[in-house]
Amino acid sequence: MKPPGAVRQPLPRIFFDVDPRRVSRALLGKVLMRREGKTLLAGRIVEVEAYLGADDAAAHSAAGPTARNAVLFGPPGHAYVYFIYGNHFCLNVSCLPDGVAGGILFRALEPLQGLEEMAQRRGISIKGSRDLRSLTSGPGRLAEAFGITRERDNGKDLTAASSDLWLADDGFRVRRVQVTPRIGINKAVELPLRYIIAGNDFVSGRGNRQ
DNA sequence: ATATCGATTATCT
DNA sequence: GATAATCGATATG
């Protein structure tokens with residue numbers, strides 16, 4: 001694991017300029033970072049879902065470009081943030097070249113740094129491992145813990161050195177990737193496009209123990 | 001332990 | 001007017 005300073009370097013745009021399925025695998029084990037003044041938030045990516053541009057009825061881009069999903073059709077490496085169920089924000093990163101839709105939904109993180117700040121924003125106190133899990137296990141939860149909103153972050157270039165929200169490689173290597181159908185959708189239910197770090201306790205849902 | 005349900009609003013039909 | 005890439009609370013075994 002590199003020292004904290006080394007993860008200031010964001011993953012480059014070319015990292016995201018390929019098929020979402022490939023980017024999904026590559027993103028597992030990487031770190032989502034947020035800078036807020038002198039506070040640094042960090043969480044290891046343990047669960048993501050790929051949303052394809054074409055041939056994927058579950059993707060927000062399925063019916064063509066709109067004001068809401070415009071980022072998915074734009075250049076790779078940008079944040080697509082949407083508001084859902086009148087309650088929650090969810091974070092995605094755009095993939096594939098400009099003009100081609102595709103994205104990845106961040107579904108769960110393992111909190112690494114800034115846990116107190118995350119707990120404060122989540123409105124919980126962290127005593128046991130159960131509380132730790134509820135910090136960032138789930139797309140709405142991790143967005144809240146990282147203070148992600150549509151107004152603040154939608155369209156943000158996550159590969160820019162000046163960005164307060166970015167993705168980094170701290171040297172962690174994933175042992176085994178597990179692929180399953182996606183969660184919480186009603187269309188294209190069977191497609192195996194959910195990627196998790198096998199055995200990781202911070203994967204959302206009923207756990208991932210072996 | 002699992003199951004069901006209400007919250008609450010931007011977006012699209 | 002219906003729906004949604006969710007969450008947390010409540011009910012029940």
Side-chain angles (χ1 to χ4, degrees), chain A residues 16 19-21 23-25 27-28 32 43 45-74 76 78-96 101-109 111 118-156 158 178-196 201-210:
Chain A
F16 304 98
D19 188 283
R21 286 163 288 205
V23 182
S24 290
R25 286 183 180 276
L27 267 183
L28 289 180
L32 178 67
I45 299 163
V46 301
E47 174 181 357
V48 297
E49 283 177 357
Y51 285 87
L52 315 179
D55 304 317
D56 183 1
H60 286 177
S61 53
T66 66
R68 178 207 196 193
N69 65 22
V71 177
L72 291 175
F73 289 86
H78 289 251
Y80 167 54
V81 180
Y82 65 88
F83 187 60
I84 192 70
Y85 294 113
N87 279 300
H88 311 285
F89 292 102
C90 294
L91 173 68
N92 300 248
V93 59
S94 61
C95 296
L96 295 168
I104 293 166
L105 169 67
F106 291 79
R107 285 199 55 91
L109 307 173
M118 294 184 200
Q120 199 164 9
R121 253 199 291 247
R122 291 275 297 118
I124 62 178
S125 65
I126 41 181
K127 300 185 176 78
S129 62
R130 180 133 194 133
D131 302 317
L132 210 58
R133 237 185 74 85
S134 75
L135 274 187
T136 52
S137 289
R141 288 169 169 177
L142 74 88
E144 186 173 42
F146 275 67
I148 289 164
T149 67
R150 185 173 163 85
E151 183 177 44
R152 181 179 179 190
D153 298 305
N154 190 50
K156 190 171 281 181
L158 303 182
Q178 194 173 342
V179 185
T180 81
R182 294 172 293 188
I183 304 287
I185 55 173
N186 303 296
K187 301 164 196 163
V189 178
E190 301 296 328
L191 295 180
L193 294 175
R194 174 174 175 254
Y195 300 81
I196 65 183
D201 286 340
F202 291 88
V203 169
S204 74
R206 287 196 291 285
N208 180 33
R209 319 281 159 90
Q210 291 186 319

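Just so it is clear, the structure is predicted and the values come from calculations on it, not from any experiment. In what follows, chains carry the letters A, B, and so on, assigned in the order in which the sequence lines appear, proteins first and then strands, with residues in each chain numbered from 1.
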Peer 1: If you check the A:Asn87 side chain, which of C:dT6, B:dT9, B:dA7 turns out closest?
Peer 2: B:dA7

Peer 1: From A:Ile45 CD1 over to A:Leu32 CG, what is the distance, rounded to the nearest 0.5 angstrom?
Peer 2: 6.0 Å

Peer 1: With a 4.0 Å cut-off on heavy atoms, is A:Phe83 in touch with a base, just the backbone sugar-phosphate, or nothing at all?
Peer 2: sugar-phosphate

Peer 1: Rounded to whole Å, how long is the line connecting atom CZ of A:Arg133 with atom P of C:dC7?
Peer 2: 11 Å

Peer 1: With heavy atoms under 4.0 Å as the rule, sort A:Arg68 into base, sugar-phosphate or nothing.
Peer 2: sugar-phosphate

Peer 1: When the distance from CD1 of A:Ile84 to P of B:dG6 is rounded to whole Å, what number comes out?
Peer 2: 18 Å

Peer 1: Does A:Thr66 put a side-chain nitrogen or oxygen below 4.0 Å from OP1 or OP2 of B:dT11?
Peer 2: no

Peer 1: To the nearest Å, how far apart are A:His88 NE2 and B:dT9 P?
Peer 2: 12 Å

Peer 1: Specify the separation, in whole Å, of atom OH of A:Tyr80 and atom P of B:dA10.
Peer 2: 14 Å

Peer 1: Among A:Leu91, A:Leu72, A:Val93, which residue meets the side chain to side chain contact (heavy atoms under 4.5 Å, CB included) test with A:Tyr80?
Peer 2: A:Leu72

Peer 1: In terms of the angle between their ring planes, are A:Phe89 and A:Phe83 parallel, tilted or perpendicular, with boundaries placed at 30° and 60°?
Peer 2: tilted

Peer 1: Rounded off to whole Å, could you give me the CD1-to-C1' distance for the A:Ile148 and C:dA5 pair?
Peer 2: 15 Å

Peer 1: How far apart are the closest heavy atoms of A:Ser137 and A:Phe202, and which atoms are they?
Peer 2: OG-O, 2.6 Å

Peer 1: What distance separates A:Ser24 OG from A:Leu105 CG, expressed to the nearest 0.5 Å?
Peer 2: 9.5 Å

Peer 1: Is A:Glu144 paired with A:Arg121 through a side-chain N to carboxylate O contact shorter than 4.0 Å?
Peer 2: no

Peer 1: With Watson-Crick and G-U wobble geometry limited to distances under 3.5 Å, how should the secondary structure of DNA chain C be encoded in dot-bracket form, using | for bases paired to another strand and [ ] for crossing pairs?
Peer 2: ||||.|||||||.

Peer 1: Output the rounded distance in Å from CG (A:Asn186) to P (C:dA4).
Peer 2: 5 Å

Peer 1: What is the distance from atom SG of A:Cys95 to atom CD1 of A:Ile104, rounded to the nearest 0.5 Å?
Peer 2: 3.5 Å

Peer 1: Under 4.0 Å, heavy atoms only, any strand: does A:Ser134 hit a base, just the sugar-phosphate, or nothing?
Peer 2: nothing

Peer 1: Rounded to whole angstroms, how far apart are CG on A:Leu135 and C1' on C:dC7?
Peer 2: 15 Å

Peer 1: Write down the distance between CD1 (A:Ile124) and P (C:dC7), rounded to a whole number of angstrom.
Peer 2: 13 Å

Peer 1: Base of C:dA4, side chain of A:Tyr82 - is there a donor-acceptor contact under 3.5 Å?
Peer 2: no

Peer 1: Map A:Arg122 and A:Gly86 onto DNA chain C by nearest heavy atom, then report which one ends up closer to the 5' terminus.
Peer 2: A:Gly86

Peer 1: With a 4.0 Å cut-off on heavy atoms, is A:Arg194 in touch with a base, just the backbone sugar-phosphate, or nothing at all?
Peer 2: nothing

Peer 1: Map A:Arg150 and A:Tyr85 onto DNA chain B by nearest heavy atom, then report which one ends up closer to the 5' terminus.
Peer 2: A:Tyr85

Peer 1: Within the structure shown, what part of the strands sits under 4.0 Å from A:Gly140 by heavy-atom distance: base, sugar-phosphate, or nothing?
Peer 2: sugar-phosphate

Peer 1: Can you run down the salt bridge (charged side-chain N to carboxylate O under 4.0 Å, His left out) pairs that involve residues 184-195 of chain A, sequence neighbours left out, and say none if there aren't any?
Peer 2: A:Glu47-A:Arg194

Peer 1: Any base atoms under 4.0 Å from A:Leu105, or only sugar-phosphate, or nothing? Heavy atoms, all strands.
Peer 2: base

